[in-house]
Amino acid sequence: METNSNSAPREKSIALTSAISIGANVLLAALKAAVGLASSSISIILDAVNNLSDALSSIITIIGIKLASKKPDKKHPYGHGRIEYISASVISAIVLYAGLAALKESVGKIIAPQMPSYSLYTIIVLAIAILVKIALGIYVKRVGTKVKSKALEASGDDARNDALLSASVLAGVLVMKFTGVSLEAYIGLLLSAFIIKSAIEMLKDTLDDILGARVPRETAIAVKETICKIPGVYGAYDLFLNDYGPNRLQGSVHIEVDDTLSAREIDELSNKISLAVYKETRVALTAVGIYSRNTGDSAAVEAKEKIIGILEDHKDVLQMHGFYLDKEKKIIKFDVVISFESKDREAECASIFQEVLAEFPGYSVKINLDTDMSD
């Protein structure tokens, strides 16, 4: 089961968008550098350098998507999709560097101000640059969201920041032109702080993907709903998904079924679930575990209700599943999901164990403390 069968159109979209971004930023950098040198304006020159860093970011995006599309190999059996997250982190770092550089220069100009001279040509170039950057940011962000590319989304956000930066430079130019007061250093100071904040947020998002963030709620719900629609399944639990890059989710799930099913019937059901989930959500389930469900046993139903009553007194318990009672061997087992908000999940589980043990003397109680992995 391939999880990246639709990768070719996606790669083309990212490469084309990045190429457009490179061309636009190189052109803007050249124009800004020319007017910046002519007017002796450090803010315009820094703006030009920022455009060059954007072009570099787009080049990194293209390299990243090419490397990420490499087929799995012996050393990397899950593919190379996470390279895209690394490239997005590099872009965020470049944006952060640009913000810090702008901050340094702005502070320097406040300490030692200079009086640049601006022409009408300077105003026209900056106005055009703002419009181009706004359009480019909207376009790149939209494509990035559509193809689920963190690198393009980061580049789109950066283009928006650049438009604001250019707008601040233009505002400073107009104030200087009509009043003789130079504000570009102070405006640059405010916007550099904004750029730094945006870069840190972008970096945090991509690092979350690399570290392993929680499965998106809509994805988890879609997978579980697809599973529970299949006849013979009474519940889907313990959905565990690993993110190996955009559109490359793989993992496992537990399902609750009747304890009367044969191995052949369970195998057929597992295959049906894996195919249905991949068809509906593009998530690859590599394993489907089983929780057996007591059938036709009133004692098991009564015991389950008593345990549910015990759990209701524990506010941090999110869910119980996998319940099974074996009267012959006198075993009660179930899984309990305790919120990360609990002060001590292990201690709370131990408390539940003691309460259940007291309620069912003579029984061997087995409780598995599950992690709140998905909604």
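We're numbering straight along the sequence, starting at 1. Small disclaimer: the values here were computed from a predicted structure and weren't measured.
- The structure places CG of Leu170 at 10.0 Å from OG1 of Thr122, a figure rounded to the nearest 0.5 Å.
- In this structure, Tyr121 is a member of the same hydrophobic cluster as Ile130, with clusters built from ILVMFWY side-chain heavy atoms closer than 4.5 Å.
- A distance-only check finds no donor-acceptor pair linking the side chain of Thr17 to the backbone of Val140 [under 3.5 Å].
- Legend: salt bridge (charged side-chain N to carboxylate O under 4.0 Å, His left out) pairs involving residues 216-244, not counting sequence neighbours, sorted by first then second residue: Arg217-Asp375.
- Within the 4.5 Å cutoff, no side-chain heavy atoms of Asn25 are placed close to those of Leu52.
- Residues satisfying the side chain to side chain donor-acceptor pair (under 3.5 Å) criterion with Ser89, sequence neighbours excluded, are Thr206.
- Legend: ring-ring contact (aromatic ring centres under 6.0 Å, His included) pairs involving residues 19-47, not counting sequence neighbours: none detected.
- The hydrophobic side chain of Leu211 is isolated, with no ILVMFWY side chain under 4.5 Å apart from it.
- Looking only at side-chain heavy atoms (C-beta outward), His314 and Ile352 come within less than 4.5 Å of each other.
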Side chain to side chain contact (heavy atoms under 4.5 Å, CB included), that's the test. Do Val356 and Tyr363 meet it? Break it down for me. CA-CA 9 Å; Val356 174; Tyr363 272 82; over 6 Å; no
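- Asp258 meets the side chain to side chain donor-acceptor pair (under 3.5 Å) test with Tyr234, Arg293; sequence neighbours excluded.
- One finds the CG atom of Leu357 at 8.5 Å from the OG atom of Ser364 (value rounded to the nearest 0.5 Å).
- In this structure, the side chain of Ser39 engages the main chain of Val35 through a donor-acceptor pair within 3.5 Å.
- Following chains of ILVMFWY side-chain contacts shorter than 4.5 Å, one can reach Leu369 starting from Ile310, so the two form part of one hydrophobic cluster.
- Judged purely by atom type and a 3.5 angstrom limit, Asn294 has no side-chain atom pairing as donor or acceptor with the backbone of Asp297.
- Under the 4.5 Å side-chain criterion, counting only non-hydrogen atoms from C-beta, Leu96 is in contact with Ile200.
- Here the closest heavy-atom approach between residue Ser274 and residue Leu285 is recorded as OG-O, 3.6 Å.
- Shortest non-hydrogen contact noted between Ala159 and Gly137 is CB-CA, 3.5 Å.
- No continuous path of hydrophobic side-chain contacts links Ile20 to Val132 [ILVMFWY only; heavy atoms under 4.5 Å].
- The hydrophobic cluster containing Ile63, built from Ile/Leu/Val/Met/Phe/Trp/Tyr side-chain heavy atoms closer than 4.5 Å, also comprises Ile22, Val26, Ile59, Ile62, Leu67, Ile83.
- Grouped by direct or indirect side-chain proximity (heavy atoms under 4.5 Å, Ile/Leu/Val/Met/Phe/Trp/Tyr only), Met373 sits with Phe240.
- Residues Ile273 and Ile255 have side chains in contact (heavy-atom distance under 4.5 Å, counting atoms from C-beta outward).
- Put simply, Val125 and Leu120 are part of two different groups of oily side chains (I, L, V, M, F, W, Y) that touch within less than 4.5 Å, one to the next.
- By the 4.5 Å heavy-atom criterion applied to side chains, Ile14 and Val147 are counted as neighbours.
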Tell me which donor-acceptor pairs under 3.5 Å the side chains of residues 328-336 have, and how far apart each pair is, sequence neighbours excluded?
from	atom 1	to	atom 2	distance (Å)
Asp335	OD2	Tyr291	OH	2.3
Asp335	OD2	Asn368	ND2	3.4

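- Qualifying ring-ring contact (aromatic ring centres under 6.0 Å, His included) partners for Phe323, counting only residues two or more places apart in sequence or in other chains: none.
- Separating the CG atom in Leu136 from the CG atom in Leu131 is a distance of 12.5 Å, to the nearest 0.5 Å.
- Summarising the geometry of Leu269 relative to Pro231, their closest heavy-atom pair is CD1-O, 3.8 Å, with the distance given to 0.1 Å.
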Evaluate the criterion side-chain hydrogen bond (donor to acceptor under 3.5 Å, both in side chains) for residue pair Ser351 and Glu355; output intermediate values, then yes/no. CA-CA 6 Å; Ser351 175; Glu355 292 176 49; 3.2 Å; yes
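- Residue pairs meeting the salt bridge (charged side-chain N to carboxylate O under 4.0 Å, His left out) criterion with at least one member in residues 124-134, sequence neighbours excluded: Asp54-Lys133, Lys133-Asp162.
- Side-chain contact check for Ser58 and Ser21: at least one donor-acceptor pair (N or O, by modelled atom type) lies under 3.5 Å.
- A distance of 11.5 Å separates NE2 in His254 from CD1 in Ile227, rounded to the nearest 0.5 Å.
- Shown here for Glu153 and Thr145, the closest heavy-atom pair between the two residues is OE2-CA, 3.6 Å.
- Using a 30° and 60° split on the angle between ring planes, His80 and His76 fall in the tilted class, from 30° to 60°.
- Between Thr281 and Ala222 the shortest heavy-atom distance is CG2-CB, 3.9 Å.
- Listed by chain and residue number, Glu348 satisfy the side chain to side chain donor-acceptor pair (under 3.5 Å) test with Ser342 (two or more places apart in sequence, or in another chain).
- For the pair Tyr278 and Val283, the minimum side-chain heavy-atom distance is 4.5 Å or more.
- The two residues Ala220 and Ser374 have their closest heavy-atom pair at CB-CB, 3.9 Å.
- Side-chain contact check for Leu249 versus Thr219: some heavy-atom pair is nearer than 4.5 Å.
- Between Arg214 and Asp208, none of the side-chain N atoms (NZ, or NE/NH1/NH2) sits under 4.0 Å from a carboxylate O, so this pair counts as no salt bridge.
- Linking Ile, Leu, Val, Met, Phe, Trp and Tyr residues whenever their side-chain heavy atoms come within less than 4.5 Å leaves Ile290 and Leu325 in two separate clusters.
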Does the side chain to side chain contact (heavy atoms under 4.5 Å, CB included) test come out yes or no for Val317 and Val337, once each step is laid out? CA-CA 6 Å; Val317 171; Val337 180; over 6 Å; no
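- Put simply, CD on Glu268 and CG on Asn271 are 8.0 Å apart, with the number rounded to the nearest 0.5 Å.
- Residues passing the side chain to side chain donor-acceptor pair (under 3.5 Å) test with Asp313, sequence neighbours excluded: none.
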Applying side-chain hydrogen bond (donor to acceptor under 3.5 Å, both in side chains) to Lys32 and Ser166, what does each step give before you reach the verdict? CA-CA 10 Å; Lys32 289 179 183 178; Ser166 295; 3.0 Å; yes
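- Going from atom CE of Met320 over to atom CD1 of Ile367 covers 10.0 Å, rounded to the nearest 0.5 Å.
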Please step through side-chain hydrogen bond (donor to acceptor under 3.5 Å, both in side chains) for the pair Asp259 and Thr295, ending with a clear verdict. CA-CA 7 Å; Asp259 59 1; Thr295 55; 2.9 Å; yes
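- Residues Asp372 and Ile338 form no side-chain contact, since every pair of their non-hydrogen atoms from C-beta on lies 4.5 Å or further apart.
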